[in-house]
Number of protein chains: 2
Amino acid sequence: MSSRAEDTPSPRWGTGKPTINDVARLSGVSKKTVSRVINRSPLLNEDTRKRVLEVISELGYVPNPQARALALRTNFLIGLIHDNPNAQMVLNVQQGILEALQGTDFEMIVRPVDRGSAAMLDDVRHFLQRQRLYGVILLPPISENDALARLCDEAGCRYVRMGSAELDDADHMVASNDREAVRAATAYLIEQGHRSIGLIAGPHGFRSATERRQGFEDALAEARIKLPRSLIAEGNYTFASGLAAAEKLLDLSPRPTAIFASNDEMAAAVVHAARQRGVDVPGQLSVIGFDDTPISAHIWPPLTTVRWPIVSMARSAALKLLSGIGESDSEVAEPSMFLSTLVRRASVAPAPNP
Amino acid sequence: MSSRAEDTPSPRWGTGKPTINDVARLSGVSKKTVSRVINRSPLLNEDTRKRVLEVISELGYVPNPQARALALRTNFLIGLIHDNPNAQMVLNVQQGILEALQGTDFEMIVRPVDRGSAAMLDDVRHFLQRQRLYGVILLPPISENDALARLCDEAGCRYVRMGSAELDDADHMVASNDREAVRAATAYLIEQGHRSIGLIAGPHGFRSATERRQGFEDALAEARIKLPRSLIAEGNYTFASGLAAAEKLLDLSPRPTAIFASNDEMAAAVVHAARQRGVDVPGQLSVIGFDDTPISAHIWPPLTTVRWPIVSMARSAALKLLSGIGESDSEVAEPSMFLSTLVRRASVAPAPNP
DNA sequence: TGTCACCTGGAAACCGGTGTCATACAAGTG
DNA sequence: CACTTGTATGACACCGGTTTCCAGGTGACA
């Protein structure tokens with residue numbers, strides 16, 4: 001029909017949908033009044049509200065979120081920025097966030113990033129500037145990156161970091177007490193008579209790794225057990241790295257009688273490596289992991305591990321965002337510290353007699 | 001300043017950001033011309049374009065996506081609707097979709113739903129109506145729900161279903177050839193001398209379950225092996241259900257010498273159950289799974305399994321959405337059928353001599 | 001009854017882009 | 001030279017909500 005078309009994506013919505021004007025006309029009030037009904041303004045005649053609501057449901061009117069977003073200068077989107085340490089964890093976090101968003105107008109958009117990439121910060125900056133999200137949630141391990149938090153500040157974007165460390169800043173952080181949880185787990189091994197306990201630490205520079213390692217050392221120190229350097233191996237939270245670390249520990253002589261791995265992937269690798277060389281778990285080797293991911297229950301023997309309430313933490317992080325960080329009107333503060341607990345399964349047995 | 005404030009969420013963006021008007025003023029052209037530059041309109045003087053681009057980069061101008069969305073009646077959001085069958089799979093799909101969205105203005109929002117819930121369809125309907133997404137991608141197993149596809153049609157929302165069946169409708173579907181892949185996997189077991197092979201089927205009513213079962217039966221029929229009913233157990237793709245099914249099969253006498261499980265979770269359960277009752281895998285029992293999720297490589301022994309190119313499929317599904325389904329101008333059709341392949345690991349051995 | 005504070009609701013502006021159409025100007029054409 | 005054709009640009013309405021500002025109506029109170 002038109003003489004020439006400029007190149008634009010073809011629209012699709014907005015043809016048959018009723019607008020706020022239709023509602024206003026049919027209920028005999030102004031747009032503004034309808035808007036007041038939608039936004040639950042308290043200064044509003046009860047009869048008017050009812051009438052408008054009737055028309056709304058009759059017409060099946062749904063306010064256009066784009067228009068709302070434009071007018072309100074908020075886009076009702078929460079971002080989840082993560083660099084996938086573990087699929088189950090990411091999905092649990094998504095679940096927690098979505099639980100918090102339930103019943104609100106907010107939605108979640110997901111942004112995986114590449115921790116290793118040099119362009120990571122620029123990517124995120126670009127992302128934040130373009131999308132102008134209401135706020136973002138940062139997942140460990142990338143949440144430990146302070147530059148990222150500064151970036152959010154600069155971009156004027158609210159944020160909450162999930163972590164496994166002490167709270168530096170309760171307004172922007174939700175954390176679990178990894179150190180204490182690992183101390184308790186290690187103490188449990190010691191209780192079972194183990195004296196030669198190997199540690200597969202997390203990657204250098206990660207707060208969670210440090211916390212877990214400290215918890216481990218706390219327990220040994222309490223029991224006055226010395227920790228030779230050789231009993232410490234490092235992995236980067238992947239199965240492959242755990243395998244290498246486990247092999248190193250299992251080749252020691254004398255072999256440790258127990259190993260604490262800083263996450264389940266690496267603990268699974270320990271079990272894997274042990275089986276490969278005919279070492280019986282838990283008969284000759286006890287193993288404890290961390291995370292309580294499904295794999296810990298599915299392998300044989302099922303892993304004793306530390307469960308951290310990741311879904312609750314994520315939910316709390318999202319609520320914290322929505323309740324307006326640092327704004328004085330947040331009535332009930334969301335909890336910021338969560339307790340992890342030891343889940344006892346079959347991968348731990350009393351230490352064999354020498 | 002104002003005498004009274006109505007209750008609205010506090011805005012946060014839009015205070016300091018340069019707008020298209022700023023760019024227009026500073027480069028001495030009209031808004032429309034700036035808009036043309038942004039949208040890469042071809043009818044545009046090269047010098048003007050350069051000048052505007054300079055001003056844009058100088059100002060650090062970023063177009064407001066909400067305003068664009070409103071004007072274009074499209075919100076540049078792709079929805080992923082899934083009911084979590086498996087964390088790794090969901091995450092792989094997210095990765096594939098995001099790869100496809102890379103460099104476009106689109107973002108992905110995630111919507112997990114509860115397959116069991118009666119309110120599921122209403123939830124989704126409500127979600128689609130409210131968000132007015134550009135399009136959605138449906139993941140199995142929920143993608144097999146025809147009512148859901150109809151819902152998308154009614155809501156005027158583009159969609160692509162990912163599946164494991166034949167293509168009913170290549171415009172709206174991306175699929176893998178499960179049947180053939182399972183046939184090949186089963187044939188491999190037969191090649192290894194197995195004659196008594198158990199099947200842990202997927203849940204009744206699921207297309208993927210049917211396809212895989214048929215592939216299994218195809219292979220047996222080819223080799224003229226009879227399949228007694230007792231060798232078929234059913235699970236619902238969870239570890240727990242796999243455990244129950246595995247126990248049933250392992251308690252048979254004579255015991256099957258191999259088991260094909262319709263996904264890795266259930267295959268892992270078979271290994272788990274076997275170990276529990278001292279049956280050696282693969283010495284006394286060979287196992288094959290399906291999906292090639294990480295657990296298949298991490299348990300001992302590592303599982304032989306069928307890998308389907310889920311990331312590529314998801315990427316293709318997203319590209320299919322973006323390229324405008326059913327619109328005549330889609331130049332190169334996205335591939336719709338993907339081939340799954342057998343990954344041979346240590347869980348299969350030749351059948352023991354009776 | 002007059003004054004005033006307090007609700008309520010309408011008109012118009014606004015959020016920040018894009019579409020339509022008109023216009024100015026250059027080049028091609030018979 | 002008048003007339004079409006085509007290119008580059010601008011004015012202005014519009015997307016569908018929200019907000020500002022103001023006026024009319026109401027009840028309380030002197």
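In what follows, every heavy atom counts, from backbone to side chain, and hydrogens, waters and symmetry copies are set aside. Below, read A as the first sequence line, B as the second, and so on, with proteins coming before strands; counting in each chain starts at 1.
Note: CD1 (A:Ile20) to C1' (D:dT19) measures 12 Å, nearest angstrom. If you take OH of B:Tyr61 and P of C:dG16, they are 10 Å apart, rounded to a whole angstrom. The distance between atom CZ of A:Arg49 and atom P of C:dG9, rounded to the nearest whole Å, is 11 Å. The NZ-P distance, from B:Lys17 to C:dC15, rounds to 17 Å in whole Å. Rounded to whole Å, atom P of D:dG17 lies 9 Å from atom CG of A:Asp22. Atom pair A:Arg25:CZ and D:dG16:C1' shows a separation of 14 Å (rounding to whole Å applied). Distance B:Asn21 CG to D:dC12 P: 14 Å, rounded to the nearest Å. Remark: C1' of C:dG16 and CG of A:Asn75 are 14 Å apart, rounded to the nearest angstrom.
For D:dG10, the OP1/OP2 oxygens have a side-chain nitrogen or oxygen of B:Ser30 closer than 4.0 Å. Contact annotation: A:Thr19 side-chain N/O to D:dC15 OP1/OP2 distance is not under 4.0 Å. Contact check, A:Arg36 against C:dT8: no side-chain N or O comes under 4.0 Å of OP1 or OP2. Listed pair A:Asn64 / D:dC15 fails the phosphate criterion, with no side-chain N or O lying under 4.0 Å from OP1 or OP2. In this model, the phosphate group of C:dG19 is not approached by any side-chain N or O of B:Ser35 to a distance below 4.0 Å at OP1 or OP2.
Between B:Asp122 and B:Arg125 there is a salt bridge, with a side-chain nitrogen of the basic residue lying less than 4.0 Å from a carboxylate oxygen of the acidic one. Salt-bridge formation is detected for the pair A:Arg68/A:Asp105: a Lys NZ or Arg NE/NH1/NH2 atom is positioned less than 4.0 Å from an Asp or Glu carboxylate oxygen. A salt bridge does not link B:Arg51 with B:Glu46: none of the charged nitrogens is closer than 4.0 Å to a carboxylate oxygen.
As judged by a 4.0 angstrom heavy-atom cut-off over every strand, A:Leu70 is placed among the base-contacting residues. The residue A:Val34 sits apart from the nucleic acid: no heavy atom pair falls under 4.0 Å.
Side chain of B:Leu43, nearest nucleotide from C:dT18, D:dA8, C:dG9: D:dA8. With D:dG17, D:dA8, C:dG17 as the candidates, the nucleotide lying closest to the side chain of B:Asn45 is D:dA8. In the set C:dG19, D:dT18, C:dG10, D:dT18 carries the atom at the smallest distance from any side-chain atom of A:Leu72. Checking C:dA11, C:dC15, C:dG17 against every side-chain atom of B:Ala71, the shortest atom distance belongs to C:dG17.
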Derivation and outcome, salt bridge (charged side-chain N to carboxylate O under 4.0 Å, His left out), residues B:Arg161 and B:Asp171 = CA-CA 9 Å; B:Arg161 303 158 82 171; B:Asp171 273 353; over 6 Å; no
Evaluate the ring pair (Phe, Tyr, Trp, His ring centres under 6.0 Å) criterion for residues A:Tyr134 and A:Phe76: first the C-alpha distance (whole Å), next the side-chain angles of each, then the deciding distance (0.1 Å), finally the verdict.
-> CA-CA 6 Å; A:Tyr134 180 89; A:Phe76 299 103; 7.7 Å; no
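Relative orientation of the B:Tyr159 and B:His172 rings is parallel, given thresholds of 30° and 60° on the angle between their planes.
Between the side chain of A:Lys31 and the base of D:dG16 there is no donor-acceptor pair of N/O atoms closer than 3.5 Å.
With the nearest nucleotide of DNA chain D identified for both A:Pro63 and B:Thr48, B:Thr48 has the one nearer the 5' end.
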